[in-house]
Asker: 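Handing you this structure, nothing more for now.
Below, all heavy atoms of this structure are taken into account, side chains as well, without hydrogens, waters or symmetry copies. Model, not experiment: these values are computed from the prediction.
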Amino acid sequence: MADTRPVYLRLREQIAAAIIDGRYAEGEMLPSVRAFAAEQGANPLTVAKAYQQFQADGLIRVQRGVGMFVREGAADRLAQAERDAFLKEEWPAIRERMDRLGIDPARLLDHA
């Protein structure tokens, strides 16, 4: 299934995952817009839009002339937002399908 979301949202999700996973640690500088754009094969303006959302959300800080840095607490805030979104947006459809297929959630982990 093709991802039809705008590119900047997909890039934002990749960056968020990297922060949550610790690939971009708190206090660490993010790749420059141009470097990340080249790495992803994306337009630098699209990457800038993704970075601007992180800045607006208070997850990164910009040090003019130096770069963008992951703020303290960003990983925890992003992980909580991801959990909330999963439980609100994805879990209900998964749970409905499990019910339809007769999959007992208590036994699900036994099969994993």
Asker: Where is the tightest heavy-atom contact between P92 and F86, given as atom of each residue plus distance?
Answerer: CD-O, 4.3 Å
Asker: Say you draw a straight line from CD1 of I20 to CD1 of I15; how long is it, rounded to the nearest 0.5 Å?
Answerer: 12.0 Å
Asker: Just how far is it from atom CD1 of I103 to atom CG of L108, taken to the nearest 0.5 Å?
Answerer: 6.5 Å
Asker: Does the pair M98 and D104 meet the rule for a side chain to side chain contact (heavy atoms under 4.5 Å, CB included), with working shown?
Answerer: CA-CA 7 Å; M98 289 172 59; D104 178 9; over 6 Å; no
Asker: What is the minimum heavy-atom distance between V33 and A48, and which atoms define it?
Answerer: CG1-N, 4.0 Å
Asker: Following the transitive rule for hydrophobic clusters with a side-chain heavy-atom cut-off under 4.5 Å over Ile, Leu, Val, Met, Phe, Trp and Tyr, establish whether L87 and I94 coincide in one cluster.
Answerer: yes
Asker: Quick one: do V70 and L59 satisfy side chain to side chain contact (heavy atoms under 4.5 Å, CB included)? Show the steps, please.
Answerer: CA-CA 6 Å; V70 179; L59 298 168; over 6 Å; no
Asker: Could you report the tightest heavy-atom contact between A35 and P31, atom names first, then the distance?
Answerer: CB-CB, 4.5 Å
Asker: Near R5 CZ, under 6.0 Å, is it more than 12 heavy atoms from other residues, nucleotides or ligands?
Answerer: yes
Asker: Find out whether L30 and F54 are in side-chain contact, i.e. whether some heavy atom of one side chain is under 4.5 Å from a heavy atom of the other.
Answerer: no
Asker: Run the salt-bridge test on R23 and E28 with the 4.0 Å N-O cut-off and return the result as yes or no.
Answerer: no
Asker: Indicate the atoms forming the closest heavy-atom contact of A75 with I19, along with that distance.
Answerer: CB-O, 3.7 Å
Asker: When rounded to the nearest 0.5 angstrom, what is the spacing between CE in M68 and OH in Y24?
Answerer: 11.0 Å
Asker: So Q14 and Q40, side chain to side chain contact (heavy atoms under 4.5 Å, CB included) or not? Walk me through it.
Answerer: CA-CA 10 Å; Q14 287 180 345; Q40 297 298 317; 2.9 Å; yes
Asker: Test side chain to side chain contact (heavy atoms under 4.5 Å, CB included) on F69 and V62; report intermediate values, then the result.
Answerer: CA-CA 6 Å; F69 297 83; V62 177; over 6 Å; no
Asker: Look up atom CG in L9 and atom CZ in R12, then write down how far apart they are to the nearest 0.5 Å.
Answerer: 8.0 Å
Asker: Would you give the length of the straight line joining atom CD1 of I60 to atom CE of M29, rounded to the nearest 0.5 angstrom?
Answerer: 12.0 Å
Asker: In Å, rounded to the nearest 0.5 Å, how long is the span from CZ of R34 to CD of E39?
Answerer: 15.5 Å
Asker: Indicate whether the side chain of Q80 and that of R77 have a donor and an acceptor atom separated by less than 3.5 Å.
Answerer: no
Asker: Please check: side-chain N/O of R61 versus main-chain N/O of Q55, any donor-acceptor pairing under 3.5 Å?
Answerer: no
Asker: Using 4.0 Å as the upper bound for N to carboxylate O, is an ion pair formed by R71 and D57?
Answerer: no
Asker: Are D84 and K88 packed together at the side-chain level, in the sense that at least one heavy-atom pair is separated by less than 4.5 angstrom?
Answerer: no
